[in-house]
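Quick caveat, the model's predicted, so the values are computed rather than measured. Proteins come first, then strands; the chains are lettered A, B, ... in the order of their sequence lines, and each starts at number 1.
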Protein chains: 2
Amino acid sequence: MTRRTAAAKIRAKPIIRPNRLSDRIVEAIRDDVEAGRVSPGDRLPTEAALSAAFDVSRTVIREAVSRLQTEGIVVSRRGSGVYVAKAGDAPRTFRMGPADTEEMVSLREIFELRIGVESEAAALAAARRSRSDVSSLRKILGRLSAGGRPLEIGVEADVAFHRRIAEISQNRQILRFVDFLSFVLAEAIRAARANSAKQEGWSGMAYGEHVAIFEAIETGDPEQARQAIRQHLIQAQTRLGLLQS
Amino acid sequence: MTRRTAAAKIRAKPIIRPNRLSDRIVEAIRDDVEAGRVSPGDRLPTEAALSAAFDVSRTVIREAVSRLQTEGIVVSRRGSGVYVAKAGDAPRTFRMGPADTEEMVSLREIFELRIGVESEAAALAAARRSRSDVSSLRKILGRLSAGGRPLEIGVEADVAFHRRIAEISQNRQILRFVDFLSFVLAEAIRAARANSAKQEGWSGMAYGEHVAIFEAIETGDPEQARQAIRQHLIQAQTRLGLLQS
DNA sequence: CAACCAAAGTTATATGACAAATGATATATA
DNA sequence: TATATATCATTTGTCATATAACTTTGGTTG
């Protein structure tokens, strides 16, 4: 046997997958750019040169360059070369990599960004909610109150609550961005939990905050909804130890 | 001559560049996914099959798949196939394509997202500004007041003003996202201008709004800064015809 | 000096091959 | 029979080579 079939069954999704060679190339070049070792407008070595330098085939280099291009880090011009993207070149994608979530200060920054987006979402939701919106949100609130499982169900209902608010705001871009941020943060927080796992009294306090948000939206008071979700997210930060109370 | 050197000098950056074949493949597959013609978890045709279907080499298919992967739309498993990404698979990038900016309603949605982010940026800036921050911001305000050029200088100073506020907020993620949104919006607005170009009295009213934002930050009043920039951006929307006054 | 031309250099695409991993089927073994 | 084990076809990952399309540079020529 291949001595790994059993292990493969246990974890269908490997924690880290450093398979593809092009991943390493992407990382190396991106680091060079972000560290300022190459400047916007500079030309990178030719694909052939990179191929020799990294000791991989040109195919791998091309895939790496292609991916760096979709990230808006470089642009390639046929017949000329590959250039580091200049400001205003067309970064149509907003990316958050591991470097953005591994430090605590970066996590706080992402949280502040989230506060801005979600407070607007709550305000819009309060202004645009329909009767059925309110009832569906109340249903999720019920799942949150069931103080049974503090984890699993708890966090699942929590993200559902925030997501539903974004849906009620009737703004697809906000919904997409809330989804994006919630994924990035969930991953980062899960990783950070390894260090200090303080989540006592979590659901208790958080529930009251959720009720406040719900009531503001039910009433249809945008400003109050904004304030309520802001308070909730600030409290969430302190609970995670990102903010000293 | 190649009959294009003159034209090439005029526009170094072609408006649209449908060169790379893989672009078409990326678009086609992404459309299929976003339109729901294939569901999360589904397996795509093999690279060989796609190669035959689109009548391109497998190289092109591979580059397209590679790029779709960095966008978080698909995941590939060696020896198995390429699958449509399931929720929670790892979309580390947030993307806005042409489809997100071509409709007016989508533009309004992006503006609302911007209001959320920038109002938070303004509040943080008011809380964290230093003396030198205030003076640098005042300098940009000066450039805005110089009622000379309504365009060119005007919009350049305008984006600089908003960007400086994001810098003062001391939040790199917010700064990056403001940059991202300002680029996307600038491009979209430039395109929309073709239809109705109403920008009379633009700089006049906007200048007063900018002053209000500046004074709130100078005073150090987060809530007032938030309100001021929100009002400014709402007004900007009406000036662009995105909102009926 | 300007316009044109040619050649070298570079990215884009095509083709064919092999390696590595997967999934399913068949086979052996207790 | 049930459970490993082995085998094999399928599929993605990588390599190597060749050609097309395009850019840039330099020289040539009028």
Please enumerate all residues that pass side-chain contact (heavy atoms from CB on, under 4.5 Å) together with A:Glu63, with sequence neighbours excluded.
A:Ser22, B:Arg62, B:Ser66
Would A:Arg164 and A:Glu167 pass as an ion pair if we require N to O under 4.0 Å?
yes
Name all residues meeting the ring pair (Phe, Tyr, Trp, His ring centres under 6.0 Å) criterion together with A:Phe161; count only those two or more places apart in sequence or in a different chain, and write none if there are none.
A:His210
Can you find a side-chain donor-acceptor pair between A:Glu71 and B:Thr70 that sits under 3.5 Å?
no
Is any side-chain N of the basic residue among A:Arg37 and A:Asp31 closer than 4.0 Å to the acidic one's carboxylate O?
no
Let me have a per-nucleotide readout for nucleotides 6-14 of chain C, 5' to 3', with B, S or -, counting only protein heavy atoms under 4.0 Å.
---BBBBBB
